[in-house]
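Some notes on the structure that comes next.
So that the names make sense, note that chain A is the first sequence line, chain B the second, and so on, each numbered from 1. Side-chain atoms are counted along with the backbone in the values below, which use heavy atoms only and exclude waters and symmetry mates.
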Amino acid sequence: MYAQMVKSTGKGVKTREEMSEDERAFQDKIDADTKIEPRDWMPEEYRKTLVRQIGQHAHSEIVGQLPEGNWITRAPTLERKMILLAKVQDEAGHGLYLYCAAETLGVSRDDLTEDLLSGKMKYSSIFNYPTLNWADIGAVGWLVDGAAIMNQVPLQRTSYGPYSRAMIRICKEESFHQRQGYDIMMKMAQGSPEQKRMAQDALDRFWYPSLMMFGPSDKDSVHSAQSMAWKIKINTNDELRQKFVDQTVPQAEYLGLSIPDPDLTWNEETGHYDFTEPNWQEFFDVIKGNGPCNTERMNDRTRAWEDGRWVREGLMAHARKKAARTAAE
Amino acid sequence: MSSVSPSAYPDTESEKKPERKEWPLWEIFIRGQHGMSHRHVGSLHAPDAEMAIKNARDVYTRRNEGVSIWAVESRHIAATVPSEKGPLFEPSESKVYRHPTFFDIPDEVGQM
């Protein structure tokens, strides 16, 4: 998922008796699947949780451009380069849809950016892993975008109108991303032994980080209950992770690649695959800032923000000068 | 209390906050195809109208979503107030006779 460990109230879900009249009316709307819109009354914690979640999601789209952008100039063919360029441009667009949804909750774009750069806000742990070779671009599209879709499809039904509409737009475009990734994997898995080895190596490195995208196990997920009552989270982390594994295993089999999990087995009884959980200590370390690329990612974003300052200010000065000239005429 | 608010969003700028340096926010409306009206698709930041339209093309029409774009600065949007929704729309809720099904017309009359 692109939003992990989003804090909500930190308390349990209020019973109807504990709710104020406004809160009861609000919960009734949510239970009836009526969308909440920007100017509607909402509990302050609902607003804050949404800002954290949508903001983290937006930051993930933007930071997520970095590991892929790395390979635009190194793509093996002109066609692959153009496709990757279009995909990375989509990620920028997704970030913008989400920032604009967050802004309807009364935060400014600059504040969100500065909170990312200061480390106050997070982005998905997955983008702190490096993309070492071209096969990684295939694995990112196939697994990372695949995991993102798993999470985003249910979020189209989320209770907050602007967020739901952003998710609908994003989901329409994500499918291209996953397919382009799988297409790269197919080419490599069916290529020379060396190419196939690269594809397997990419799967080996991205498998567990992809499983971590859904966030910690439900038993360690303290903020889920309130978010689910508010319908800003639709499924639990473990439900989505299971769905992702069930969908991905046959796709790996088709490629002739093996999932790096010796204990992965089909469970006839549950109708799902049993699999090994990722190393959660690694996950918490990466979230804390100690992943392989955390520092590099933040340095890149900070440099882009600072180097872009003169452009932002210059264009604004030009716009003001033009407006003043028009007014004088 | 007025039923019109000067903004579509909650108030974000208070007097205490320092003046924002960011580009103004624009609301984007797109005509999906000929014969349809423009529809709100979202917002974006841009220094002026020309850049708002250019950015809107890149952000909201990467897959043939539109044949025409309107951009209007968000601060120029006036909006109804959600809490006044009841009284504001009451006149349309209390006039059932505006709907054709209110009238019973005998079948013998034919199509009407």
Side-chain angles (χ1 to χ4, degrees), chain A residues 22 25 29 36-42 44 47 51 85-87 89-114 161-163 165-166 168-170 172-173 175-176 308-309 311-323 326, chain B residues 2-14 17-28 30 32 39-66 71 73-75 77-86 88:
Chain A
D22 278 340
K29 271 174 88 175
I36 308 300
E37 295 296 340
R39 304 272 324 223
D40 292 343
W41 186 89
M42 60 185 80
E44 185 53 19
R47 195 187 70 81
V51 168
L85 202 52
K87 182 193 186 269
Q89 190 194 16
D90 272 353
E91 306 297 1
H94 296 178
L96 295 180
Y97 305 156
L98 288 160
Y99 281 130
C100 107
E103 281 174 288
T104 65
L105 291 158
V107 286
S108 86
R109 178 84 55 101
D110 283 4
D111 288 347
L112 288 171
T113 305
E114 275 156 18
Y163 191 26
R165 293 190 283 273
I168 290 169
R169 292 188 68 89
I170 289 174
K172 266 192 209 157
E173 303 181 347
S175 182
F176 146 54
R309 188 185 310 276
V311 179
R312 296 193 298 275
E313 287 172 3
L315 283 177
M316 203 60 238
H318 176 69
R320 270 195 293 266
K321 196 174 78 183
K322 244 183 13 187
T326 314
Chain B
S2 165
S3 61
V4 174
S5 141
S7 166
Y9 303 131
D11 292 331
T12 56
E13 287 173 87
S14 72
K17 277 192 183 168
E19 196 201 339
R20 294 256 184 83
K21 277 182 291 173
E22 64 188 26
W23 293 342
L25 192 65
W26 298 73
E27 298 301 321
I28 306 302
I30 290 180
R39 224 180 111 208
H40 183 244
V41 292
S43 58
L44 51 76
H45 289 271
D48 56 26
E50 192 186 336
M51 287 301 295
I53 299 268
K54 282 185 175 151
N55 289 352
R57 182 201 58 184
D58 291 343
V59 178
Y60 292 109
T61 66
R62 288 192 302 278
R63 287 173 175 77
N64 306 319
E65 289 97 335
E73 239 185 282
S74 306
R75 64 189 176 95
I77 301 259
T80 56
V81 176
S83 57
E84 300 287 301
K85 193 169 70 183
L88 186 71

Flag side-chain contact, heavy atom, 4.5 Å: B/Pro47 against A/His318
no

Do NZ/NE/NH1/NH2 and the carboxylate oxygens of B/Glu50 and A/Lys322 come within less than 4.0 Å?
yes

Heavy-atom distances under 4.5 Å only: say whether A/Glu37 touches chain B with side chain, backbone, both or neither.
neither

Kindly compute the distance separating CH2 (B/Trp23) from CZ (A/Arg312), expressed to the nearest 0.5 Å.
8.0 Å

Using a 4.5 angstrom heavy-atom cutoff, name the option from A/Cys100, A/Pro162, A/Gly93 with the most pairs to chain B.
A/Cys100

Which value, rounded to the nearest 0.5 Å, describes the distance between B/Ser74 atom OG and A/Glu103 atom CD?
8.5 Å

Looking at B/His40, I'd like to know if its NE2 atom is crowded, meaning that more than 12 non-hydrogen atoms belonging to other residues, nucleotides or ligands lie closer than 6.0 Å.
yes

At a heavy-atom separation under 4.5 Å, does A/Arg169 approach chain B through its side chain, its backbone, both, or neither?
side chain

When you compare the side chain of B/Asp58 with that of A/Gln89, does any pair of heavy atoms fall below 4.5 Å?
yes

Working to the nearest 0.5 Å, report the span between CD of B/Glu22 and CG of A/Leu112.
9.0 Å

Once rounded to the nearest 0.5 Å, what's the spacing between atom CG of B/Asn55 and atom CG of A/Leu96?
8.5 Å

Report yes or no: does A/Tyr97 contribute a side-chain atom to a donor-acceptor pair with the main-chain N or O of B/Val59 at less than 3.5 Å?
yes

Check ion pair B/Arg62-A/Glu173 (N to O, under 4.0 angstrom)
yes

CE (B/Met51) and CE (A/Met316) are apart, to the nearest 0.5 Å, by 11.5 Å

Could you check whether B/Arg63 pairs with A/Asp90 (Lys NZ or Arg NE/NH1/NH2 to Asp/Glu carboxylate O, under 4.0 Å)?
yes

